[in-house]
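Remarks on the structure that follows.
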2 protein chains.
Amino acid sequence: MADTFINNPSFFKLDATLKKLRNYWQKMFDSRQMDITVDQWLLVENLYKHKKTTHNELARNTSKDITTISRIIELLVKKGLVKREADIYDRRKVYLQLTPDGTEKYKQVKPLVHEMRKTGWKSLTEADYAELTRILDTIYGNIPTKI
Amino acid sequence: MADTFINNPSFFKLDATLKKLRNYWQKMFDSRQMDITVDQWLLVENLYKHKKTTHNELARNTSKDITTISRIIELLVKKGLVKREADIYDRRKVYLQLTPDGTEKYKQVKPLVHEMRKTGWKSLTEADYAELTRILDTIYGNIPTKI
DNA sequence: GTAAAATAGTTGCTATAACAACTGTTGCTA
DNA sequence: TAGCAACAGTTGTTATAGCAACTATTTTAC
């Protein structure tokens with residue numbers, strides 16, 4: 001029948017792939033003494049691109065919960081990679097940006113990440129990338145935001 | 001240049017899609033008072049299919065760490081959905097299987113899961129499923145197991 | 001102009017993820 | 001057969017994920 005894909009565990013496959021990727025990244029980070037976790041890296045990368053942003057924006061950009069952002073940022077601040085700065089006009093807001101050490105960390109880790117991306121995409125094409133993007137975007141769009 | 005896909009955050013897209021799926025599933029479970037988490041469900045589903053298995057097998061089948069299995073099983077045992085049974089011949093081994101309540105839970109949740117899978121795949125085809133599988137399997141295979 | 005609602009962020013709690021270290025058991029090997 | 005490696009599982013610790021409840025501001029509504 002036509003429902004093979006409904007009955008198959010794509011959730012599981014997504015999860016397994018992501019987990020293997022995450023573990024690979026983390027082990028590479030550890031073996032090169034990068035002293036950073038995968039999710040911490042994702043925030044550093046985002047802060048490098050956006051220079052100055054808030055917890056909320058960061059949450060939207062990284063698809064993470066704002067409480068998770070809050071806690072990861074806390075760790076990055078402790079490591080001296082990120083600094084917080086209060087908004088003068090809206091005292092609820094806190095701007096986040098990389099410190100010089102944070103920028104340094106970004107430049108140190110970036111080439112390794114580039115290599116790992118190449119490794120992951122080995123023997124796949126630009127068309128494959130487009131396909132994956134299309135399918136994942138479709139699934140993403142199919143899921144109701146409110147139930 | 002030809003490296004669009006290398007420079008693009010497919011990791012992020014995988015993560016975002018999976019997270020949205022997981023949240024959707026969890027919210028549906030909660031709204032129907034299924035009293036189960038997504039990962040607990042994955043183990044229950046697996047135990048239903050394999051009837052009698054060990055922590056190790058379950059870890060392999062679900063792509064989860066054995067420590068994670070150990071803790072999720074602990075919760076399922078507390079909920080009365082799973083029971084442990086010692087192997088007579090190898091006293092290190094513990095067999096796991098669903099209790100009658102566990103089987104009941106499976107039958108209760110299964111239709112909802114089927115519906116949610118249909119929702120996720122809406123407007124996608126069998127060919128899309130094959131493509132996604134191929135691409136994810138390739139990425140999975142590309143990642144070194146040992147670094 | 002004040003009360004209510006919305007916004008920004010933090011903290012408490014529970015669950016999943018993974019590494020390290022541990023107990024206990026079994027199998028292997030000199 | 002004694003010693004040690006391998007195996008099965010658990011426990012401790014740190015990190016991410018997300019909900020609920022909270023503080024503190026700002027905006028909106030009347």
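Just so we're clear, the structure is a prediction, and the values are computed from it rather than from any experiment. Lettering follows sequence order; numbering is per chain, from 1.
Shortest non-hydrogen contact noted between I135(A) and L132(B) is CD1-N, 4.0 Å. Residues Y48(B) and T103(B) come closest through the heavy atom pair CE1-CG2, 3.9 Å. Contact between D65(B) and A59(B) at its shortest, heavy atoms only, is C-CB, 4.4 Å.
Look at Q40(B) and you'll find a side-chain N or O under 4.0 angstrom from OP1 or OP2 of dT16(C). Listed pair N56(A) / dG9(C) meets the phosphate criterion, a side-chain N or O lying under 4.0 Å from OP1 or OP2.
Rounded to whole Å, the distance from CD1 on I69(B) to P on dA18(C) is 11 Å. What separates CZ of R60(A) from P of dG9(C) is a distance of 10 Å, to the nearest Å. Put simply, CG on D65(A) is 13 Å from C1' on dC13(C), counting in whole angstrom units. Between the P atom of dC19(C) and the CZ atom of F29(A) lies a distance of 15 Å, rounded to the nearest Å. Here the P atom of nucleotide dT14(C) and the CZ atom of R71(A) are 13 Å apart, to the nearest Å. Atom NZ of K64(B) and atom P of dC19(C) are 14 Å apart (whole Å). In this structure, NE2 of H55(B) is placed 15 Å from P of dA17(C), rounded to the nearest angstrom. Between K20(A) atom NZ and dA18(C) atom P the separation is 13 Å, expressed in whole Å.
Among the protein residues, V94(B) comes within range of the sugar-phosphate backbone only, with heavy atoms under 4.0 Å from sugar or phosphate atoms but none that close to a base.
A donor-acceptor pair is defined here as one N or O able to donate and one able to accept, closer than 3.5 Å; such a pair exists between the side chain of T17(B) and the backbone of K13(B). No donor-acceptor distance shorter than 3.5 angstrom exists from the side chain of Q40(A) to the backbone of L76(A), with no hydrogens or angles considered. Distance alone, capped at 3.5 Å, places no donor-acceptor pair between the K64(B) side chain and the I69(B) backbone.
Taking 4.0 Å as the cut-off between side-chain N and carboxylate O, R117(B) and E45(B) count as a salt-bridged pair. Using a cutoff of 4.0 Å between basic side-chain nitrogens and carboxylate oxygens, E57(A) and K52(A) are not scored as salt-bridged. Using a 4.0 Å cut-off between a side-chain N of Lys or Arg and a carboxylate O of Asp or Glu, E131(B) and R134(B) qualify as a salt bridge.
Protein chain B touches strand DNA chain D; the 5'-most and 3'-most nucleotides with an atom under 4.0 angstrom of its non-hydrogen atoms are dA6(D) to dC19(D).
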Nucleotide by nucleotide, 5' to 3', does protein get under 4.0 Å of the base (B), only the sugar-phosphate (S), or neither (-) in nucleotides 23-28 of chain C, counting heavy atoms? -BBS--
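With DNA chain C read from its 5' end, the first of the two nearest nucleotides for K27(A) and S70(A) is the one closest to S70(A). Residue whose closest nucleotide on DNA chain C sits further toward the 5' end, between D30(A) and I72(B): I72(B).
In this structure dA21(C) sits in a base pair with dT10(D), meeting the Watson-Crick or G-U test at under 3.5 Å.
Residue T37(B) places no side-chain atom within donor-acceptor reach of the base of dA15(C), judged by atom type and a 3.5 Å distance cut-off alone.
Between W121(A) and Y129(A), the ring planes lie perpendicular to each other; the angle is over 60°, past the 30° to 60° tilted range.
The nucleotide whose nearest atom lies closest to any side-chain atom of K93(A) is, among dA8(C), dA18(C), dC19(C), dA8(C).
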